[in-house]
Every structure is written in structure tokens, then in C-alpha cells.
Number of protein chains: 2
Amino acid sequence: MEGNATLFDVARVAGVSLATASRAINGSARTVGAELREKVLRAAQELDYSPNAAARTMKRGHADVVGMIVPDIADPYFSGIASGVMKAADEQGLMVSIASTRRQSSREAEYVAGFRRQRNRAVILAGSRTSSRAETETLKAEVDRFEAQGGRVAVVSQRKLPVDTVVVENRQGARALATDLTDLGYRDFAVLAGPRDLLSAKDRLDGFRTGLAEAGVELSREQVVNGEFSRDGGFQAMEQVLEELGGIDCVFAVNDVMALGAIAAIRSRGLDVPRHLSVAGFGDISTLRDMAPRLTTVRVDLERLGRLALEMILSSEGGAPRTRREKCQVVLGASTPGRKPVGRRSSARG
Amino acid sequence: MEGNATLFDVARVAGVSLATASRAINGSARTVGAELREKVLRAAQELDYSPNAAARTMKRGHADVVGMIVPDIADPYFSGIASGVMKAADEQGLMVSIASTRRQSSREAEYVAGFRRQRNRAVILAGSRTSSRAETETLKAEVDRFEAQGGRVAVVSQRKLPVDTVVVENRQGARALATDLTDLGYRDFAVLAGPRDLLSAKDRLDGFRTGLAEAGVELSREQVVNGEFSRDGGFQAMEQVLEELGGIDCVFAVNDVMALGAIAAIRSRGLDVPRHLSVAGFGDISTLRDMAPRLTTVRVDLERLGRLALEMILSSEGGAPRTRREKCQVVLGASTPGRKPVGRRSSARG
DNA sequence: GACGCGACGGAAAACATTTTCCCAAGATTC
DNA sequence: GAATCTTGGGAAAATGTTTTCCGTCGCGTC
């Protein structure tokens, strides 16, 4: 009971060779006679044998582990994706290592390097690519190294790196949202646009702007306020809007937690959503679905994104990187009731 | 560029021995002459050398990875704890592997075994212990094996296993909540009590009952409804309460997402919180802090729990298992306004 | 009855590190 | 000036698998 029985010990106890023991335990192409197999299995049981994954990894050249990098695991958006990855990984008998960059995207490259050291079979990068050229380059260099060494990489969000990608159709979703909101009668918007260099944020803003333009609505410079991609970022951006902007009837926050912060900011001034101001978000994170008023948002199937990314990686034959586009769907809630043509809101709808 | 340069290659290019290369790169007790070290480092850089963690693990006997097991990573409660673990792990240069049991606690033992195969340095079990004797036994057996092999184990929740534990003072918190609620004038409660065999759920119920008893309030059998530990579980349990129970003025859901489900159920009947019914939860998950009305709940510092668990593990000298108790604090919100002695609620407070 | 063949067991060679032991050369001490 | 110490380099063992290659045995075939 000194702790670690090795396959060698198992073989000795079972009275067979190392090769036979190995074949009996993890079932190779070669068959092992029934009684010997039985003996080996019994010995393993008796010795509390636990195969040393590190040794196996060394021999095979890769670990049956996939790494995942997220900006913040406590953000429901990413924990949703992670949940999908983990479910799919479990079905494939893979373990998942997760690293959180705490929203410093510069750290992604470090973690990719870390996963390379572990000889992980694959890495999934979730969360927005940035528009910073330098960062993208260092990340790309690290990703190349990872792939050169035999690993696979997939990204969930934008197609910015030449790897398998699950693209969230942020533009399409935000554009559809804009269409629906203008159909409801809104004309005067503010957008809480997240960090300037975050592509998801940027795409959502762009798509929204496109949708508005199709309805003949322009978005001026002051109507777009940047801020952190978090609840607090939404809160602050909203405060700025409330102080500097008048005549707004609807606020679009480029993600749900920012919308949450925005609503908090609005309420902290004694105003009401949607009576004084309507709010829409993006993502449809589950914890917010029961909020009153129901937040108008754009639904993204987060678990699905994660699952698709993992499946893509595993089915990949090393050919050209593939792209899978995932549509999103507008969910209208009471946070953006229809406006009467006159300019006063109807208070029904839910 | 065939992918993987080994330390041997680095040594060859630098014109030194394997031993020297190793010492230069990971800095052992032995010093290496400045110019040789320089040469080695340059060679490593040039070759894109990436140390093989598996080989290192094999030699050392343990991987610099900590495993973490949670019931559901998409639940903000656990992603909060995970976030704390990951932050602390990062500071220590450790990687984190996460496994989600999808609330089948019987799978915990399997994952511990999996982490044992990986030779992980430590495992953190988050989430409630169950009261099932059989499950606890198999888990304990697996934990013993893990420890026999040199790994450390910590648990976040109850002290049910003889390992380092961060105990959440569920009883104390729920009791304080009961005290506060009775002080506010509530007398007729329903408790949405979660699964029967989940200790966290059970402890919160017990503590709540104790607090009520101190105020002279009894909880009858019908006033306690079991259900899943999730939003949907809360919803269903609440529906049951609404159908079968009358005269209730306050509902205590043993966790926040259940409270969320309960509120949804209440509203789906056209009733209002807190006008028709007050609701309290447990956990104070961050996404719900901006909900209107503010949910009365018991705050648990989730990140802290995770951090403490990791620190406990690392500082552990293999002595007797230690226990660290973490208090929780009642947060009163507008979801449980003070009742007027007469029986009508004052509508202020928030 | 020699020959080929299928099935199955074993020896041994990797896989990439870390670390112990040995050794050489220069510095220090009496 | 010899003995001892210190400093730093190298050879090689050890870590636990997987897998290739080889060998053997029994059996069917011509």
C-alpha cells in the first residue's frame, strides 16, 4: 500500500509479461486469451492499479485532455459554453482543463503555451477575439506552435485565426434586433458598446447599426458609449448616457450582463424600465430569463457552441480550417414594449 | 520543424549535456555557469522548445494540476467557486482541470479516479455532500486511494469526509435568515427544500427551522416541499406550494436559483412578489443582485471559498485534516418587506 | 509429414525528463 | 605544497507506458 502500483507490478502478480498486462487492460488490437485477461484484471483490482496517464501521454505524444480558455468562468455566457464543452468531452472520455484570462486577452497566448506543455490534444478558445494586431499575432504564433506539435485548436466567436471556428452570428442577430426594435416604434437609441477592441462587441454594434439604417435610423457618435464587457461596465456606461444624453427611448447593451448593469443604473436614478426607458441585451443568459420585466435580447445557444467546438476539433482531419455559423434569434420581452405611434408606450405586452 | 524539440535537442544545439540543459531551463538547486545557461536558453528559444509536462510528471510522480469536481459548471454558485480556485491556482502556477457531474453525485468517485490517473497534485470537491451512505463510502474509498498515492483532497461544503474542508455555515446563515424574517413579522412559511439527500439543502432547512423555533414558529410537514436544486426544481416546488398550501406569507428557497424559479412560478399565476408573497433565497449569486425586487438571501463569498480550498490544500503538510468555517450573512431585500403587525405589508423598503 | 498460418505471449526499445553520482579543476587552508 | 573544499559539468539510471518485433505452439493442408 505504498501508493502506486505500476503495470509492472500487475504483470508480476498476474504472472504475465508487461505487454500482456497492457493489452489486457486497455484492450489493444491484439487479443489476449480469456483466462490471462481475467488474471490480469484481478491483479489490477487487487493492487488498486491506476494507469499512469503521464506515462501514456509520453508514449503516445498527446494527452487525452482538451484545454479551454475563457475570459471569465464566472460569467454565465462562458460557463454556458464551458458546460457544453464539458458535456461533449465527457461523452468522448476526455478531461477538460480550463484557464481564465480574467479578461486580459494578452494572457491567452500564455495559456496556449501552457496547454502545449501538457501536450493536450486540443485547445478551445472561447470569447471574443480582439482587434489588436499585436495580440492576434502573438496568439497566432502560439497557436501555430501548438498545431505544429500535433494539437488541434478551435475558436468560438469570430473567424480571426486560421483554425476551426464556431462563428456566432453577432451581426445578423444584432441587425434582427434593430429591425424588431424599430418595428416596435423606437427611434432614439443609445448603445452600450463594450470595449472598443473586442470583436464580438464591435460586430454587435455594427449589425445593430445596419439594422437601424435599414429602418432609416442613424446612430450618432454620442449615442455609442464604450465600457467594460461586464455588469459594472454596463452600469457606468449607462450612467454616462443618463448624464450626457437626452431624448433616448431605448438602450441596447451589447451583452446581457451589461444590460443588467444598465438597468441597475437606470433604477438607481429612480427611473423605471420600461416606463422611462427600454433596454435590450444580447446573449439570453439563463439566469436572466426570469427577470421582470423579461429582458429583450438575442438568444445564443451557449451549450451548443461549446459542443460544436469540441466536435469540430475531434472530427477534424487536419485539412483546411472549417467554419460553422451559428445563428441567433431575437427574444422580445417586456423590457421593450411596443411604442404607440404617437410616442407614448403601450403598457401591455410581456 | 517536425513539431517537438526535446530537451536533448536543446542540449545538442547548445553543446551541453542533458543535465546542464535541464538545470539551466528549470533552475535546480545546482547553479549553471552564466554563459552556458545563456547558450541553453538561446537554443531553447531557437528550437521552440516546450518542456514536456508529461515526462516531468512521470519523473516527479505528480502533475502540477489540480482537479476540481462540481455538480454543474453553468450554475453561478459553482462557477463562482471555480473562479476563486482558478485565480488562486494561477497565482501558484498550477493548471486546473474541471469535471462536471451534472448533478449525479455518484459520478464524483469516477472523476476522482480520473484525476488519480492524471496524477494530479490535488482535487477539490465542490458542492454538497449527499447523505447516501453507499455513495459516501465509494467516494471515500476513492479519496483514500487518491491520497495514498500522494495527492491532497479538499472539500467545499460539509465535513463529511476526513479531508481538509471549507465548511459553509449553512445552518448559521439559514437560522439568521429565519430570525430576520420573523422579526419582519412573517409567521407562515413554506420552504422549497431541494433534494432530500443533499446535505447543504438539509442544513439550510434545519437552520431555518431552528431560527423559526426560536421565534416560536413551527414548520409543519406540508410546509416543506422537496424538489431539484435548480431553477426548474424551484419552479415546480413552488407550483406545488401554490396548489396545496394556503395562508403562506413567505417562501424560503434553499438556494438562489430555486428562488428564481419560485418567483417565476408565482408570477406565472399572475401574482406578485412581494405584494402577494415574499421570497428569500440562499447564496447571493451575483447575477441576481440587480433583480427587482432585490432578493433577500444569505451571502456566501463564493470566490473566497474556492481560494481557501486551494490554499488549504497547498499549505497542508499531510497532518490531520483541517476545517475552516466560513460564515454567511443575511442580505435583506425588497423581496421580503417588513409586515405591519396587523397583517398588511408596508410597501416601502428596498 | 513438411509447410504455412493464425493466434498469442514476451523481450525490449522507445518516449522526455529529473536527479544522483562521479569527476575535474580551481580556490582555500594550514 | 599537499590536503580539502567548492563549483560546475556530464553520464546514466529511473520514471511507467505502448508497441514492434520475434518466437512458439497448435492446427489444417497438400
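Quick caveat: nothing in here was measured; it's all calculated off a predicted structure. Below, read A as the first sequence line, B as the second, and so on, with proteins coming before strands; counting in each chain starts at 1.
A distance-only check finds no donor-acceptor pair linking the side chain of Ser22(B) to the backbone of Leu18(B) [under 3.5 Å]. Although no hydrogens or angles enter the test, the distance criterion places no donor-acceptor pair under 3.5 Å between the side chain of Arg129(A) and the main chain of Gln158(A). A donor-acceptor contact shorter than 3.5 Å is absent between the side chain of Thr165(A) and the backbone of Thr323(A).
If you take CG of Leu36(B) and C1' of dG8(D), they are 9 Å apart, rounded to a whole angstrom. Taking atom CD of Gln149(B) as the reference point, atom P of dT15(D) lies 15 Å away to the nearest angstrom. Computed from coordinates, the Asn52(B) CG to dT15(D) C1' distance equals 13 Å when rounded to whole Å. To the nearest angstrom, C1' of dG16(D) lies 10 Å from CG of Asp9(A). Atom pair Leu7(B):CG and dG9(D):P shows a separation of 15 Å (rounding to whole Å applied).
Between Arg145(B) and Glu142(B) there is a salt bridge, since a side-chain N of the basic residue sits under 4.0 Å from a carboxylate O of the acidic one. A salt bridge is defined here as a Lys NZ or Arg NE, NH1 or NH2 lying under 4.0 Å from an Asp or Glu carboxylate O, and Asp75(A) with Arg103(A) meets this definition. Under 4.0 Å is where a charged nitrogen must lie from a carboxylate oxygen, and between Asp9(B) and Arg12(B) at least one such pair does. Between Glu311(A) and Arg307(A) there is a salt bridge, since at least one side-chain N of the basic residue sits less than 4.0 Å from a carboxylate O of the acidic one.
Where DNA chain C meets chain A (any atom under 4.0 Å from a heavy atom), the bounding nucleotides read 5' to 3' are dC8(C) to dA16(C).
Listed by chain and residue number, Arg121(B) satisfy the side chain to side chain donor-acceptor pair (under 3.5 Å) test with Asp64(B) (two or more places apart in sequence, or in another chain). With sequence neighbours excluded, no residue forms a side chain to side chain donor-acceptor pair (under 3.5 Å) with Ser131(A). The side chain to side chain donor-acceptor pair (under 3.5 Å) test applied to Arg60(B) returns no partner, not counting sequence neighbours. Taking the side chain to side chain donor-acceptor pair (under 3.5 Å) definition, one finds that Asp164(A) meets it with Arg322(A), sequence neighbours left out. Among residues two or more places apart in sequence or in another chain, the salt bridge (Lys or Arg N to Asp or Glu O under 4.0 Å) test is passed with Glu38(B) by Arg42(B). Here Asp301(A) pairs with nothing under the salt bridge (Lys or Arg N to Asp or Glu O under 4.0 Å) rule; sequence neighbours left out.
Identified under the salt bridge (Lys or Arg N to Asp or Glu O under 4.0 Å) test for residues 14-35 of chain B, with sequence neighbours left out: none.
The bend of the helix from dG1(C)-dC30(D) to dC30(C)-dG1(D), defined by the angle between the axes of its first five and last five pairs, stands at 40° to the nearest 10°.
Scanning residues 10-22 of chain A for heavy-atom distances under 4.0 Å to DNA chain D yields Leu18(A), Ala19(A), Ser22(A). A heavy atom lying under 4.0 Å from DNA chain C marks the following residues of residues 55-65 of chain B, by number: Ala55(B), Arg56(B), Lys59(B), Arg60(B).
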Pairs: protein N or O with nucleotides 21-26 of chain D N or O, under 3.5 Å:
{"from": "dC21(D)", "atom 1": "N4", "to": "Arg30(A)", "atom 2": "NH1", "distance (Å)": "3.4"}

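Counted by atom type alone, Glu303(B) and Ser83(B) present one or more donor-acceptor pairs between their side chains at under 3.5 Å.
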